[in-house]
K.L.:
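Quick one: structure below, then a few questions.
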There are 2 protein chains.
Amino acid sequence: MMKMSDLVADYIMKLLDEKDGNAEIKRNELASDLGCVPSQINYVITSRFTPEQGYIVESRRGGGGYIRITRVTTDKRVVMMHIINSVGDSISSAEAGAVLGNMRERHMLSDYDYLMISTALSDKSYTAVTQNVRDRLRAALMKNLLVTVMMLDQ
Amino acid sequence: MMKMSDLVADYIMKLLDEKDGNAEIKRNELASDLGCVPSQINYVITSRFTPEQGYIVESRRGGGGYIRITRVTTDKRVVMMHIINSVGDSISSAEAGAVLGNMRERHMLSDYDYLMISTALSDKSYTAVTQNVRDRLRAALMKNLLVTVMMLDQ
DNA sequence: TCGCTTTTGACCATTCCTGACCTTATAAGA
DNA sequence: TCTTATAAGGTCAGGAATGGTCAAAAGCGA
């Protein structure tokens with residue numbers, strides 16, 4: 001059985017593809033079409049269409065209200081650099097996964113690189129240290145790997 | 001009477017056979033089907049479906065959570081597997097470099113993979129922890145990455 | 001007995017879903 | 001215009017559904 005969140009996310013993704021990266025939805029309408037409560041839409045948006053993941057969300061309440069989701073795309077190298085800079089000193093497994101997933105979606109990472117880097121960053125490799133240290137190591141490694149990919153990718 | 005772990009392992013094995021090397025289970029469900037506590041599933045997975053043994057395990061918590069187990073061993077990869085098994089719990093940067101270099105020479109790693117993995121394992125990524133921990137982390141990561149390369153190499 | 005493997009349960013972390021209540025925008029009436 | 005109704009969307013906390021971890025206890029073979 002498919003998860004509601006996945007249904008909603010898929011719907012939005014498809015819409016983004018169709019509409020060339022710029023989708024507009026009506027929250028209540030979509031909710032009732034897909035058979036969920038309206039706040040579910042917010043949940044999906046806040047968990048899967050974050051700026052971190054490369055989306056801009058605008059909305060308006062009241063009569064004629066809407067939610068607009070825009071997929072951000074810019075020059076690959078610049079964006080890559082920006083992402084690398086934004087990683088910071090520490091990053092959780094979930095965050096890292098989100099960032100990588102988005103990079104793949106945006107064709108900034110091949111499936112191959114995505115899997116390799118995901119593996120390198122997954123918690124599985126860090127059982128020897130505490131969560132805190134783990135997240136710091138992950139951030140360092142993530143940046144190194146992304147830089148490496150960038151340099152090799154000509 | 002058969003040991004519980006064996007039952008669980010057999011079940012997963014059978015599922016892997018059926019599903020062509022890619023099985024997805026629900027931890028709690030399987031546990032109650034087989035009549036054991038959920039953490040037993042974790043025990044079996046961590047003790048018998050490790051990267052060293054040729055398996056990749058991914059999971060997700062929360063509603064609709066799952067555990068996915070992928071088998072990556074095939075005859076072509078016996079040598080690779082052997083190397084992975086020989087890595088042990090801890091490996092220095094120099095040792096790792098030697099092993100990787102050797103694998104590259106033997107065309108078991110592409111230049112690309114060699115560079116990626118070297119980057120991931122280099123001391124540069126581990127400044128946050130002591131040498132001792134560092135070598136343990138490196139070993140874990142190295143094995144995971146090699147398994148991933150193996151899996152992707154079709 | 002000693003040491004390794006297995007089993008178990010208490011407690012933790014993450015993800016998802018829902019509903020009550022809140023804020024804002026537009027339209028209709030007075 | 002001012003007020004009130006209606007139409008959206010937003011927030012948040014709580015609960016449910018999962019899987020993860022860890023250490024203690026139990027089992028077992030040498």
Side-chain angles (χ1 to χ4, degrees), chain A residues 1-12 23-53 55-69 91-98 101 122-135 138, chain B residues 1-12 23-50 52-53 56-69 89 140:
Chain A
M1 218 258 299
M2 195 141 192
K3 275 177 298 193
M4 198 64 236
S5 328
D6 289 337
L7 277 182
V8 176
D10 286 354
Y11 178 90
I12 294 174
E24 189 169 307
I25 61 172
K26 302 281 240 169
R27 188 181 80 147
N28 292 346
E29 205 176 278
L30 178 54
S32 83
D33 281 1
L34 299 182
C36 65
V37 296
S39 56
Q40 177 90 48
I41 310 293
N42 297 84
Y43 169 68
V44 171
I45 287 175
T46 55
S47 63
R48 308 193 192 181
F49 295 88
T50 66
E52 183 77 349
Q53 291 170 68
Y55 298 92
I56 290 178
V57 178
E58 303 159 283
S59 67
R60 218 184 139 98
R61 310 185 187 191
Y66 59 84
I67 301 177
R68 181 161 46 229
I69 300 155
I91 190 169
S92 71
S93 183
E95 279 178 285
S122 91
D123 263 2
K124 300 237 158 52
S125 309
Y126 298 98
T127 50
V129 294
T130 63
Q131 188 70 51
N132 190 14
V133 174
R134 194 178 296 188
D135 289 349
R138 189 182 350 258
Chain B
M1 221 262 296
M2 200 156 193
K3 268 180 304 192
M4 197 64 236
S5 326
D6 290 336
L7 275 182
V8 176
D10 286 355
Y11 179 90
I12 294 174
E24 188 168 308
I25 61 172
K26 303 282 237 170
R27 188 181 78 146
N28 292 345
E29 205 176 275
L30 178 54
S32 84
D33 282 1
L34 299 182
C36 65
V37 295
S39 54
Q40 177 90 43
I41 309 294
N42 296 82
Y43 171 68
V44 171
I45 287 175
T46 55
S47 63
R48 309 194 192 181
F49 294 88
T50 65
E52 289 92 330
Q53 293 169 67
I56 287 180
V57 178
E58 303 160 283
S59 67
R60 213 180 148 93
R61 308 186 188 189
Y66 58 81
I67 300 177
R68 182 160 44 231
I69 300 156
D89 285 345

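Chain A is the first sequence line, chain B the second, and so forth, proteins listed ahead of strands; every chain is numbered from 1.
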K.L.:
Does OP1 or OP2 of D:dA8 have a side-chain N or O of A:Ser59 closer than 4.0 Å?
P.N.:
no
K.L.:
Where the side chain of A:Arg138 meets the backbone of A:Ile91, is there a donor-acceptor pair that is under 3.5 Å apart?
P.N.:
yes
K.L.:
How do B:Glu58 and A:Val57 order along DNA chain D: which one's closest nucleotide is nearer the 5' end?
P.N.:
A:Val57
K.L.:
Nearest 0.5 Å please: distance from the OG atom of B:Ser5 over to the CD1 atom of B:Ile45.
P.N.:
12.0 Å
K.L.:
Supply the atom-to-atom distance B:Leu30 CG to B:Leu7 CG, rounded to the nearest 0.5 angstrom.
P.N.:
10.0 Å
K.L.:
If we ignore hydrogens and angles and just use 3.5 Å, is the side chain of A:Lys124 paired with the main-chain N or O of B:Ile56 as donor and acceptor?
P.N.:
no
K.L.:
Nucleotide by nucleotide, 5' to 3', does protein get under 4.0 Å of the base (B), only the sugar-phosphate (S), or neither (-) in nucleotides 22-30 of chain C, counting heavy atoms?
P.N.:
-BBBS----
K.L.:
Would you mind reading off the distance between A:Gln131 atom CD and D:dT21 atom C1', rounded to a whole angstrom?
P.N.:
12 Å
K.L.:
State whether the side chain of B:Gln53 and the backbone N or O of B:Ser47 hold a donor-acceptor pair below 3.5 Å, judged by distance alone.
P.N.:
yes
K.L.:
Where along residues 26-48 of chain A does a heavy atom come under 4.0 Å from DNA chain D, residue by residue in number order?
P.N.:
A:Lys26, A:Arg27, A:Asn28, A:Ser39, A:Asn42
K.L.:
Using atom CE of A:Met2 as one end and atom P of C:dC17 as the other, report the distance to the nearest whole Å.
P.N.:
11 Å
K.L.:
Between C1' on C:dT14 and NZ on A:Lys3, what's the gap in Å once rounded to a whole number?
P.N.:
11 Å
K.L.:
Is it true that A:Lys3 and A:Asp10 make a salt bridge, defined as a side-chain N closer than 4.0 Å to a carboxylate O?
P.N.:
no
K.L.:
Rounded to whole angstroms, how far apart are CE on B:Met4 and P on D:dG27?
P.N.:
16 Å
K.L.:
To the closest 0.5 Å, what do you measure between NZ (B:Lys26) and CD1 (B:Ile67)?
P.N.:
10.0 Å
